[in-house]
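Each chain gets a letter, A, B and so on, in the order the sequences are listed, and its residues count up from 1. In what follows, every heavy atom counts, from backbone to side chain, and hydrogens, waters and symmetry copies are set aside.
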Number of protein chains: 2
Amino acid sequence: MADVARRAGVSAMTVSRALKGTGTVTPETQARILQAVAELGYVLDKSAGALSSKKTGFVSVLIPSLNNSTFSDTVHGLIDVLDTQAMQVLIGTTGYSRAREEAVIETMLQRRPEGIVVTGGRHTPRARAMLTAAGVPVIETWEQPAAPIDHVVGFSNAATVEDLMARLVDRGYRRIAFIEGGEGDDPRGEDRRAGYERAVARHRLERTCVIAVGRVPISMEDGARAVVQLVETWPEVEAVICVSDGPAFGAIMECHRRGWAVPGRLAIAGFGDFELARQCWPSITTVSVGSRDLGRQAGSLMLEAIAARYAGAPLSPRRVTVAHTLVERDSTARRASPPTWAGRVA
Amino acid sequence: MADVARRAGVSAMTVSRALKGTGTVTPETQARILQAVAELGYVLDKSAGALSSKKTGFVSVLIPSLNNSTFSDTVHGLIDVLDTQAMQVLIGTTGYSRAREEAVIETMLQRRPEGIVVTGGRHTPRARAMLTAAGVPVIETWEQPAAPIDHVVGFSNAATVEDLMARLVDRGYRRIAFIEGGEGDDPRGEDRRAGYERAVARHRLERTCVIAVGRVPISMEDGARAVVQLVETWPEVEAVICVSDGPAFGAIMECHRRGWAVPGRLAIAGFGDFELARQCWPSITTVSVGSRDLGRQAGSLMLEAIAARYAGAPLSPRRVTVAHTLVERDSTARRASPPTWAGRVA
DNA sequence: AAGCCTCATGTTATCGATATCGTCACGGTT
DNA sequence: AACCGTGACGATATCGATAACATGAGGCTT
């Protein structure tokens with residue numbers, strides 16, 4: 001930066017002002033500086049800037065995995081918003097493990113983010129302590145923790161599945177099963193299952209039928225395996241809810257392979273409203289939670305919280321509930337099961 | 001850090017040494033320091049460390065989008081490897097736009113990454129200039145640029161589709177179409193299409209049939225629309241290759257909806273070997289490029305290049321070609337078309 | 001026993017920017 | 001004409017760590 005200053009015939013301070021738009025600089029000086037910058041190919045060093053201004057321009061976000069389109073949507077939503085204020089998102093993946101989450105949080109804190117967004121509301125005690133002690137806004141997402149660390153932008157996973165169950169019961173299904181992950185730590189999946197169980201009780205259904213397969217996040221293939229296991233174990237089951245759209249899709253494809261009509265033989269629903277659910281044949285009944293919008297809302301709240309903190313009036317903990325929508329599609333249609341091949345095969 | 005030093009009765013320098021494992025510190029001193037750290041809840045500030053050591057611990061990676069499972073797989077592979085050396089990955093998304101890529105590169109350079117991984121081999125002139133001038137290892141991935149900036153870990157998109165075409169021709173298909181994106185900048189998609197065209201010429205097929213729909217990256221729904229358009233435009237077409245597995249899946253589902261047997265009426269192939277392709281019914285013939293492994297290889301090369309640079313012997317540009325594999329599945333099976341419903345509908 | 005090496009630790013300078021305060025010139029006010 | 005406010009810019013201190021060199025205590029060599 002000193003080089004640029006010399007070349008433009010000004011002080012480093014003026015260069016700094018010119019480059020970040022703050023303070024007052026004469027248009028001519030500004031032009032001279034920008035030209036010097038261009039000639040020298042100078043690039044501002046934000047690490048240094050961060051050190052003196054105590055603002056890193058980072059917001060950390062922790063998600064279980066990048067491969068899950070649902071969470072990457074949320075991250076995209078966050079980026080959409082934070083990008084407008086030139087804030088950069090530092091992404092960390094926790095691999096559905098609280099222990100890894102704790103480790104990632106520690107790494108992240110070393111970068112002094114101005115805000116932290118985490119997925120879920122259950123953490124190791126040390127993780128929780130670190131988040132609290134960080135002294136920056138924290139947003140927990142995708143759940144509705146009973147005792148939030150700070151802010152929350154989420155929804156109740158249990159409630160979504162309860163609603164879905166109510167709909168299925170309304171459509172006349174009584175023997176409804178649930179497919180979930182067998183190993184690993186997936187609090188949101190557990191909540192959904194709890195919602196299923198509550199619904200079974202509330203609607204006085206005969207019994208709960210839960211098939212647990214694979215390691216979270218369970219795959220399409222796990223769904224395929226699970227549906228077979230389900231039909232073998234409880235042949236009387238009429239409908240099944242999968243913990244997410246991936247396994248629901250796998251289950252449907254397996255039914256195709258075996259010639260089990262969906263929803264004729266078995267109605268299948270998922271969670272998440274992946275693109276796949278809309279495009280699948282039959283289209284999959286699911287719950288939409290608007291992941292990208294969830295990310296955007298978290299982003300806006302984060303900007304507000306950061307600004308408030310610098311203004312000396314930290315935001316008191318906010319709880320934003322994002323709406324979920326039941327998307328009823330063909331895979332649970334009660335009669336005239338749309339995907340029947342009768343008469344359509346050439 | 002001074003507080004920790006005082007509490008442990010040592011100098012800040014010793015604390016620094018203890019914390020980053022470098023240098024020599026007596027076990028007792030180490031223990032005392034770690035205890036002071038724990039008591040004070042002190043967290044190292046890497047921005048400051050980066051400034052003085054001139055090592056940020058960042059590697060930037062630019063991908064078109066997080067939502068594309070293929071690229072996130074590559075990023076995961078990168079993280080797998082870089083994590084072992086406590087290097088953090090800074091992810092930037094370019095939204096399939098060279099202009100955005102240029103902007104993101106500039107932002108990234110302000111963070112002084114120790115290495116940069118970009119997707120693709122075509123960039124704006126300024127982007128290229130910035131990458132060159134950055135003075136750190138650069139790896140271009142997912143393509144085989146003719147004139148690389150520095151290192152390359154990729155494959156020829158054209159060659160993969162040529163291979164796939166050869167296989168289809170081998171299976172007896174002669175009228176083969178290609179479905180691609182209509183708007184937007186997707187160099188890899190264009191390469192694949194070029195491979196398709198070369199194959200049409202080489203095998204002396206009657207003509208090229210290209211359907212372009214939607215904006216890149218094209219969706220499942222785009223694939224569904226495209227296949228309808230295809231059958232209407234060229235009813236004689238026997239097989240179609242889609243620019244990726246997403247639209248291939250959408251096309252297959254649309255065929256189901258319309259009662260067009262796959263592969264009986266139309267064989268359909270994709271690209272990328274998404275999980276969906278394996279689980280779909282019929283399973284989708286595709287090209288696998290091992291995205292995660294690609295990421296791992298890029299990661300290893302990056303570590304090597306970074307180490308070499310610090311050792312004063314920068315690595316001369318390397319070109320790593322990752323193998324692609326044809327995965328032939330049911331969606332292009334020539335006869336006894338597996339997915340026929342004859343006799344399986346109850 | 002003198003000399004040397006090694007190990008653990010301390011001192012000082014520095015990384016590259018920005019916060020803060022100071023300076024100076026200029027134009028408007030009374 | 002003296003005064004004051006404002007705008008443009010400079011000088012200095014500082015952010016929090018680490019590189020590089022210095023120091024001193026012991027153990028080892030011959």
Participant: Going by an N to O cut-off under 4.0 Å, is there a salt bridge joining Glu304(B) and Arg318(B)?
Facilitator: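 Salt bridge: yes.
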Participant: Hey, does Val15(A) reach any base, or is it just sugar-phosphate, or nothing, if we go heavy atoms under 4.0 Å?
Facilitator: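 Nothing, no nucleic acid heavy atom in range.
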Participant: Nearest heavy atom decides the nucleotide; on that basis, is Pro27(A) or Leu19(B) closer to the 5' end of DNA chain D?
Facilitator: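 This one resolves to Pro27(A).
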Participant: Does either side chain, that of Thr107(B) or that of Gln88(A), offer a donor lying less than 3.5 Å from an acceptor on the other one?
Facilitator: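 Gln88(A) and Thr107(B) do not have a side-chain donor-acceptor pair below 3.5 Å.
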Participant: Will you find, in the side chains of Gln35(B) and Glu39(B), an N or O donor that is under 3.5 Å from an N or O acceptor?
Facilitator: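 Yes.
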Participant: Does the pair Glu106(A)/Arg126(A) count as a salt bridge with the N-to-O cut at 4.0 Å?
Facilitator: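 The answer is yes: the pair qualifies as a salt bridge.
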Participant: For Lys46(A), which contact category applies under a 4.0 Å heavy-atom criterion: base, sugar-phosphate, or nothing?
Facilitator: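 Answer is nothing: Lys46(A) stays at 4.0 Å or more from every strand.
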Participant: What is the nucleic acid contact for Thr24(A), judged by heavy atoms within less than 4.0 Å: base, sugar-phosphate only, or nothing?
Facilitator: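 Contact class for Thr24(A): base.
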Participant: For the side chain to side chain donor-acceptor pair (under 3.5 Å) test, which of Arg122(A), His151(A), His123(A) pairs with Glu140(A)?
Facilitator: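 With Glu140(A) as partner, Arg122(A), His151(A), His123(A) yield a single side chain to side chain donor-acceptor pair (under 3.5 Å), made by His123(A).
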Participant: Measuring from Ile63(A):CD1 to Asn68(A):CG, what's the distance to the nearest 0.5 Å?
Facilitator: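 Going from CD1 on Ile63(A) over to CG on Asn68(A), the span is 8.0 Å.
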Participant: Are Arg111(B) and Phe58(A) in a cation-pi setup, meaning NZ or CZ lies under 6.0 angstrom from the ring centre and within 45 degrees of the ring axis?
Facilitator: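 The answer is yes; both the distance and angle limits are met.
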Participant: In whole angstrom, what separates Gln110(B)'s CD from dA17(C)'s P?
Facilitator: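 Distance, rounded to whole Å: 10 Å.
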Participant: Do Thr70(B) and Trp142(B) have a side chain donor and acceptor closer than 3.5 Å?
Facilitator: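 There is no such pair between these side chains.
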Participant: Of the nucleotides dT9(C), dC9(D), dA19(D), which has the atom closest to the Val25(B) side chain?
Facilitator: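 The closest nucleotide is dT9(C).
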Participant: Give me the bend of the helix from dA1(C)-dT30(D) to dT30(C)-dA1(D), using the axes of the five pairs at each end, rounded to 10°.
Facilitator: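 Answer for the end axes of this duplex: 40°.
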Participant: Find every protein N or O atom lying less than 3.5 Å from an N or O atom of nucleotides 11-16 of chain C, and list the pairs.
Facilitator:
residue	atom	partner	partner atom	Å
dC15(C)	O2	Ser52(B)	N	3.1
dG16(C)	OP1	Lys54(B)	NZ	3.4
dG16(C)	N2	Ala48(A)	O	3.2

